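Note on naming: letters A, B, ... go to the chains in the order of the sequence lines (proteins, then strands), and numbering restarts at 1 for each one. Bear in mind that the values here come from a model prediction, so they are computed numbers and not experimental data.
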Protein chains: 2
Amino acid sequence: MREFFQKYKSTILYGFSLAVLLFLMKWLEFRLIVIDHALEIYIGSIAVVFTALGIWLALKLTKPKKETIIVEKEIYVNDAEFVQDRNQLEKLNLSKREMEVLELIAQGCSNQEIASQLFVSLPTIKTHSSKLFEKLDVNRRTQAVEKAKRLKLIP
Amino acid sequence: MREFFQKYKSTILYGFSLAVLLFLMKWLEFRLIVIDHALEIYIGSIAVVFTALGIWLALKLTKPKKETIIVEKEIYVNDAEFVQDRNQLEKLNLSKREMEVLELIAQGCSNQEIASQLFVSLPTIKTHSSKLFEKLDVNRRTQAVEKAKRLKLIP
DNA sequence: AGTAAAATCATCCTTAAGTATGACCTCCAG
DNA sequence: CTGGAGGTCATACTTAAGGATGATTTTACT
């Protein structure tokens, strides 16, 4: 019941206003017989009142235009997933073994540890690393790591 | 002249409408004498017409209501600008010199190069790096670099 | 003013890293 | 089938790096 009233509040108010005004008119009609030439004033006031009513109705009933604003919210991803630069890799022409050695060097492994992990001898790792340094145009493992990261060969 | 009309278009139209309707009323007034009991209909139509006029006026003159809906669009930025982990730095209690040495080591510099850049002797750098490795709990410069990056001490 | 931490330098020694060279094997394409 | 590339291993040498210890000087703070 209350919901019904809420929903049609404007319509009911309009109807009620009409009823009241018509009643007022009926009463005024009677007065008009007495007061001559007052009909114009009466009609004018009716016009004004209903114009105001119309304006009020319009303001009440018009639905607001919806305007969507898209706000770009930047989210900084700490992840920064690594994408290997295949282009650079081709240019440098590193072999599989050299890449493996490079990765292990970057992890801080010693030559001996690398040799153990790859099941080869220490001299083998030395030759690999030497060739690697030559291709990377460096002469220290630390430089190799720095350059490899800069060239996006490793994360 | 045209601008004036444009500016006060609504007002002029309103005035004109009023004039027309008053003229109409005058004419109807005459008719009412003939047709009995038609005053109510006449008044009613006046009310309806002016209500409509009011609505029209309101719609024309009032600024359209705006309701802004903010939609957040998530943009994933891969930037991940480096922020030094001050917390870790405090825990490790590294001195200024040790940090400087760490940074240069990370850049691939040799001890001799670091000594030259910092205007100190090679043994000094060795002591610094030794203490640095001790604090970082590593025993190779490459490990130090790897760990420092992992702990977000350096980019 | 005195003390602790930081910074500097040195020496001695060990180990890891880097360089050079040569040899051997395997696989694959010309 | 043969030569080149990749991989393996070895030896010998040089240099850089790392560890241990001690000493002196700066700096900062109570």
Going by side-chain contact (heavy atoms from CB on, under 4.5 Å), A:Val145 matches just one of A:Lys147, A:Lys149, A:Gln143. Which one?
A:Lys149

To the nearest angstrom, how far is B:Leu132 atom CG from D:dG18 atom P?
10 Å

To the nearest Å, give me how far apart CG (B:Leu136) and P (D:dA17) are.
17 Å

Which atom pairs, donor and acceptor, lie under 3.5 Å between side-chain atoms of residues 86-96 of chain A and protein residues at least two apart or in another chain?
unit_1  : atom_1 : unit_2  : atom_2 : d
A:Ser95 : OG     : A:Glu98 : N      : 3.3
A:Ser95 : OG     : A:Glu98 : OE1    : 3.3

Counting only heavy atoms not in A:Lys131, do more than 12 sit closer than 6.0 Å to its NZ atom?
no

At under 4.0 Å between heavy atoms, which parts of nucleotides 4-23 of chain C does protein reach? Answer with one letter per nucleotide, 5' to 3': B base, S sugar-phosphate only, - none.
--SSBBBB-----BBB----

State plainly whether one hydrophobic cluster holds both B:Met99 and B:Val138, where clusters connect Ile, Leu, Val, Met, Phe, Trp and Tyr through side-chain heavy atoms under 4.5 angstrom apart.
yes

Do any N or O atoms from the side chain of B:Arg141 and from the backbone of B:Cys109 form a donor-acceptor pair under 3.5 angstrom?
yes

